[in-house]
Amino acid sequence: MQLKLYKRSTLLLTIVVIIEISMILLLIKTRESWQNNAILTILGFAAFMFLLTVLYSYYDLNADKKLIRKAVSNGDVALARIKDGSFVRFARDARFKNHVFWKLDVEIYDNDMKSHEAQIIEKFSLHQTTIPKGDVYVTYVEGKENDSLIIPNVIIASIPEYKVLTDEYEKALKPKYLNAYINDGLLLESYKESLNRK
C-alpha cells in the first residue's frame, strides 16, 4: 500500500508543479491586464501556490496515518507474521526526509485465525537496514491483503477494546512480537534490541 500511496503522491506533486508553471505562464502572458494591481495579483498567486503546496504536503505526510486510524477504528486489524524482507527502493517525502521501502513476505492471520499469504510493501526509516522475523499487527481487508499497513504497537496497546483480540491471537498463535514504532519513519526490531538500545 505504501508504494501505491507514494505513486499517488508523486502524481499529485506533478499536478501541483504543472498548475504552478501554467499559472506563471498565464501571469506573464496577461501581465498588461493586471499591472495596475500587481501587488494584489502577486500576493494572491503566492497565497494560492502556498495553499497548494500545504495541501500536497499534508496528503504526502498523513495519508498512511489516516488509513491506519480508519482501519483501527473500524476493527480492520489482523496479526501478520513476517517471514522475510527485501529492499525495494529509496524515496523522499514532502519534508525532504529519506525513507526506504521494503517488501515483506508475510502470513496474515484474520480474526478467524485463517492464514493468508501476502507481500506488503512498507515505508521505513533509513535506520531499518534489515527486516527481523516476528509478528506485528496490520490493517486488514479481506481480499486486499497486499494493501495492509503495519500498525505501531502503541496504537493497539492504547485501545482497551483490542485486548480481547490480542488475547485470542496469543492463545492460538503464540506470537513473537516485534516492536513496531515511529522514529523518523517506521522501525521494526525485536524487544531485546529495543531494551539494549536504552
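No experiment lies behind these values; they were computed from the predicted model shown. Just so you know, these numbers use all the heavy atoms, side chains as well, and skip hydrogens, waters and symmetry mates.
- Proximity of Lys4 to Asp147: side-chain heavy atoms (C-beta onward) are separated by under 4.5 Å at one or more points.
- Hydrophobic clustering (ILVMFWY, side-chain heavy atoms < 4.5 Å, transitive): Leu52 and Ile24 are in one cluster.
- What you find for Asn179 and Asn153 is that their closest heavy atoms are CA-ND2, 3.6 Å.
- For CG of Leu51, the number of neighbouring non-hydrogen atoms (other residues, nucleotides, ligands) closer than 6.0 Å is greater than 12.
- Applying the side chain to side chain donor-acceptor pair (under 3.5 Å) test to pairs two or more places apart or on separate chains, those with a residue in residues 65-82 are Arg81-Asp135.
- Transitive grouping of hydrophobic side chains (ILVMFWY, heavy atoms separated by less than 4.5 Å) keeps Ile120 and Tyr137 in distinct clusters.
- Listed by first and then second residue, the side chain to side chain donor-acceptor pair (under 3.5 Å) pairs that reach into residues 160-173 are Asn111-Tyr169, Lys163-Asp167, Glu170-Tyr177, sequence neighbours excluded.
- The environment of Arg89 atom CZ is dense: over 12 non-hydrogen atoms of other residues, nucleotides or ligands sit within 6.0 angstrom.
- Residues satisfying the ring pair (Phe, Tyr, Trp, His ring centres under 6.0 Å) test with Phe45, not counting sequence neighbours, are none.
- Note: Leu25 CG to Ile21 CD1 = 7.5 Å, rounded to the nearest 0.5 Å.
- Under the ring pair (Phe, Tyr, Trp, His ring centres under 6.0 Å) criterion, Phe96 pairs with no residue, sequence neighbours left out.
- Between the CG atom of Leu178 and the CG atom of Leu187 there is a distance of 11.5 Å, given to the nearest 0.5 Å.
- Residues Tyr181 and Pro152 fail the side-chain proximity criterion, which asks for heavy atoms closer than 4.5 Å.
- For Glu145 (side chain) and Ile108 (main-chain N/O), no donor-acceptor pair under 3.5 Å exists by modelled atom type.
- Hydrophobic cluster membership is shared by Leu165 and Val154, with clusters built from Ile, Leu, Val, Met, Phe, Trp and Tyr side chains linked at under 4.5 angstrom.
- A search for side-chain hydrogen bond (donor to acceptor under 3.5 Å, both in side chains) contacts involving Asn62 returns nothing, not counting sequence neighbours.
- The shortest distance between side-chain heavy atoms of Leu186 and Lys123 does not fall below 4.5 Å.
- Follow the hydrophobic side-chain contacts under 4.5 Å out from Ile182 and you never reach Ile156; the two are in separate clusters.
- Looking at Gln119 and Asn146, their side chains never bring a donor and an acceptor atom within 3.5 Å of each other.
- A donor-acceptor pair is defined here as one N or O able to donate and one able to accept, closer than 3.5 Å; no such pair exists between the side chain of Asp112 and the backbone of Lys114.
- Atoms OG and CG, on Ser115 and Leu79 in that order, are 11.5 Å from each other to the nearest 0.5 Å.
- Taken to the nearest 0.5 Å, the NZ atom of Lys83 stands 10.0 Å off from the NZ atom of Lys133.
- Remark: Leu67 pairs with Met1, Leu5, Leu149 by the side-chain contact (heavy atoms from CB on, under 4.5 Å) rule, at least two apart or across chains.
- Under the 4.5 Å side-chain criterion, counting only non-hydrogen atoms from C-beta, Leu188 is in contact with Ile82.
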Would you please test Asp93 and His99 for side chain to side chain donor-acceptor pair (under 3.5 Å) and show each step?
CA-CA 8 Å; Asp93 66 18; His99 296 276; 3.0 Å; yes
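- Residue pairs meeting the ring-ring contact (aromatic ring centres under 6.0 Å, His included) criterion with at least one partner in residues 52-77, sequence neighbours excluded, are absent.
- Pairs of residues two or more places apart, or lying in two chains, that qualify as ring-ring contact (aromatic ring centres under 6.0 Å, His included) and include a residue from residues 3-43 are Tyr6-Phe101.
- No more than 12 heavy-atom neighbours from other residues, nucleotides or ligands sit within 6.0 angstrom of CD on Glu32.
- With rounding to the nearest 0.5 Å, the separation of OG in Ser148 from CD in Glu122 is 9.5 Å.
- For His116, the ring pair (Phe, Tyr, Trp, His ring centres under 6.0 Å) partners two or more places apart in sequence, or in a different chain, are Tyr140.
- Using a 4.5 Å heavy-atom cutoff, the side chains of Val138 and Val77 are not in contact.
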Identify all side-chain donor-acceptor contacts of residues 12-20 below 3.5 Å with residues at least two apart in sequence or on another chain.
unit_1 : atom_1 : unit_2 : atom_2 : d
Thr14  : OG1    : Thr10  : O      : 2.9

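- Asn36 meets the side-chain contact (heavy atoms from CB on, under 4.5 Å) test with no other residue; sequence neighbours excluded.
- Ile131 has its side chain within reach of Leu104: a pair of non-hydrogen atoms, C-beta onward, lies under 4.5 Å apart.
- Side-chain contact check for Met23 versus Met49: some heavy-atom pair is nearer than 4.5 Å.
- Both Phe48 and Ile28 belong to a common hydrophobic cluster when Ile, Leu, Val, Met, Phe, Trp and Tyr are linked at side-chain heavy-atom distances under 4.5 angstrom.
- To the nearest 0.5 angstrom, Asp84 atom CG is 5.5 Å from Asp105 atom CG.
- Side chain of Trp102 to backbone of Gln128: a donor-acceptor contact under 3.5 angstrom is found.
- Taking all atoms of both residues into account, the shortest heavy-atom contact from Asp60 to Ala94 is OD2-N, 2.6 Å.
- No side-chain donor from either of Asp184 and Ser125 sits under 3.5 Å from a side-chain acceptor of the other.
- Sorted by first then second residue, the ring-ring contact (aromatic ring centres under 6.0 Å, His included) pairs that include residues 70-93, not counting sequence neighbours, are Phe87-Phe90.
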